[in-house]
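Here, residue 1 is the first one in the sequence, and each next residue gets the next number. Both counts, for ligands and for their atoms, begin at 1 and track the order of listing.
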Amino acid sequence: MKEKYNLMEKIVSLCKRRGFIFQSSEIYGGVESLWDYGPLGSLLKNNIKQEWLKRFVQKRGDVVLIDGTVLMHPKVWEASGHITNFADPLVECKNCHTRFRTDHMADGRFVGEGKAKTKNQCPQCGEKDFTSSRQFNLMFKTFLGPVEDETHATYLRPETAQSMFTNFKLIQESMRLKIPFGIAQIGRSFRNEITTGNFTFRTREFDIAEIEYFVKSGEDEKWFDLWVGEWEKFFLDLGLKKENLRRYEHKKEALAHYSKRTIDIEYRFPFGWSELAGIANRTDFDLSQHSKFSGKDLGYFDEESGKSYIPYVIEPTLGIERLLLALITDGYQEVKGGRTKTTESAKETEVLLKLDKKIAPMKVAVLPLVKNKPELVEKARGAYNLLKSHFACQYDEVGSIGRRYRRLDEIGVPFALTIDFETLKENDVTLRDRDTMKQERVKIDKLINILKEKLEK
Ligand code: GAP
């Protein structure tokens, strides 16, 4: 167990040291459960989103993308059931006043990601005296306009789903879509979480990527199963190891208010198996509720049967930051004695971040063998200028070549190019593969095509 916690600490440290993730407002002491993504983290996050969009919107043809607002009409949250139901049970330690989610205190599946280990004992101060459990609504409340009264109150969205329901008719008609079809969205969501900790796993602000897939009732169970498979395949294709993924079926009595069936895809995080993503069968709950509350017909007219009906919805959903954390955890490797096993590296432990090439924040690095030979530096700068409009590319001339390779391995750069004296004569470079450490000579004028081919493999 101890070693697993060390792994988490090492990942947090790597993320900070190498510009992936920083605590928000760190110079003021930081804010719990809010994290900023630095230069490499934001590129990585963007690449994950692009892969998701390519796969589930661009390549499918039956899913369209939207970009809805964070603030919506307050009635949305009444209709969706969030005002009444979007709450977690909360208890407070009477001694130290720390608040916990009641379900994180109990022995059960949440214990892995919560701080509590023993039933009924405060993990903060060890006391056993708690207030009774009450429901705490997780939505952040705010006001539209300058008047701060209840008639102007609304909420920051806790999920992106609702604008896909409220716009259902507009999207279906303007795009002439026929069922089955899906609406996709990636967007910022906000939850005033009670339990914090575990780095970026449970935060108060995060990106959800989700699809509302509209189907005929009666076909919902088939589509549910298909989407579970699609979601899992996406994670495997991004490189997550099969043995670190599993399904968790929600018990009937624990289902969300809108769901007939939910399966979570869990990842084996360093703090235990925890939810990475989910697939829910939301039935016709949301469209029916919005029809009722808005007074607008959100039915779908089926040309074949000449009848109108409220479609069922299958919702595959996923937290981008959780996927990012899973990908970093899965790709993190330590090589004792160094990767090259030289006598100098014998006492060192080198870190290799084996991110899939598709999502690696930097694809290529250009390195002059030494920085004090102007002709080498000029040649390397030339190669860098050539490549940077094709690939996320970085230039590095500081330190020995071995040290620079180690820095690149730590941030998962798939390819490094070294410009040496041979380059000046032959116009070729050494291309090093991060995973195999194999090196080959490649002509500079062939580099773009060769790298493109290797990155797409
Ligand atoms: N529209 C359905 C929905 O929002 P959810 O399971 O509550 O479902 C979707 O959230 C996904 O968002 C989860 O599978 C998880 O990956 C991610 N997620 C939920 N709460 C989160 C939090 N506090 N911090 C980071 N990610 C979170």
For A277, counting its heavy atoms only, list the atoms of ligand 1 lying under 4.0 Å from any of them. 14 (O)
Please list, in number order, the atoms of ligand 1 under 4.0 Å from a heavy atom of R282. 1 (N), 2 (C)
Below a 4.0 angstrom heavy-atom separation, can you tell me which part of E275, side chain or backbone, both or neither, approaches ligand 1? side chain
Shortest protein contact, atom 8 (O) of ligand 1 (heavy atom only): T317 CG2, 3.8 Å
Heavy atoms only, cut-off 4.0 Å: how does L276 contact ligand 1, side chain, backbone, both, or neither? backbone
Which protein heavy atom lies closest to atom 7 (O) of ligand 1, and at what distance to 0.1 Å? R191 NH1, 2.8 Å
Where is the tightest heavy-atom contact between Y405 and A416, given as atom of each residue plus distance? CE2-CB, 3.8 Å
Assess whether a salt bridge exists between E230 and R55, defined as any Lys/Arg side-chain N lying under 4.0 Å from an Asp/Glu carboxylate O. no
Please determine whether a side-chain nitrogen of the Lys or Arg among D433 and K438 lies less than 4.0 Å from a carboxylate oxygen of the Asp or Glu. no
Under 4.0 Å from a heavy atom of G319: which atoms of ligand 1 are those, numbered in the order shown and with their elements? 11 (C), 12 (O), 15 (C), 16 (O), 17 (C)
Output yes when R191 and E159 qualify as a salt bridge under the 4.0 Å nitrogen-oxygen rule, no when they do not. no
Proximity to ligand 1 by part of R322, non-hydrogen separation under 4.0 Å: side chain
Does a side chain donor of either D62 or Y213 reach within less than 3.5 Å of an acceptor in the other side chain? yes
Could you check whether E210 and T160, counting side-chain N and O atoms only, form a donor-acceptor pair closer than 3.5 Å? yes
With sequence neighbours left out, write down each residue that passes salt bridge (Lys or Arg N to Asp or Glu O under 4.0 Å) with E253, or none if nothing qualifies. none
Proximal ligand 1 atoms for E193, defined as those under 4.0 Å from one of its heavy atoms: 20 (N), 22 (C), 23 (N)
Residue part near ligand 1, for E321, under 4.0 Å between non-hydrogen atoms: neither
Tell me the protein heavy atom at minimum distance from atom 27 (C) of ligand 1, and give that distance in Å. F206 CE1, 3.4 Å
With heavy atoms under 4.0 Å as the rule, classify the contact between T203 and ligand 1 as side chain, backbone, both or neither. both
K45 to Y37, cation-pi by 6.0 Å centre distance and 45° axis angle: yes
Show the atoms of ligand 1 that are less than 4.0 angstrom away from any heavy atom in F201. 24 (N), 25 (C), 26 (N)
Which atoms from ligand 1 have a heavy atom of E159 less than 4.0 Å away? 1 (N), 2 (C), 3 (C), 4 (O)
S163 side chain to Q185 side chain, donor-acceptor N/O pair below 3.5 angstrom: yes
Can you sort out which atoms of ligand 1 are near E315, meaning under 4.0 Å from one of its heavy atoms? 1 (N), 2 (C)
Quick one: are L71 and L156 in side-chain contact, heavy atoms under 4.5 Å? yes
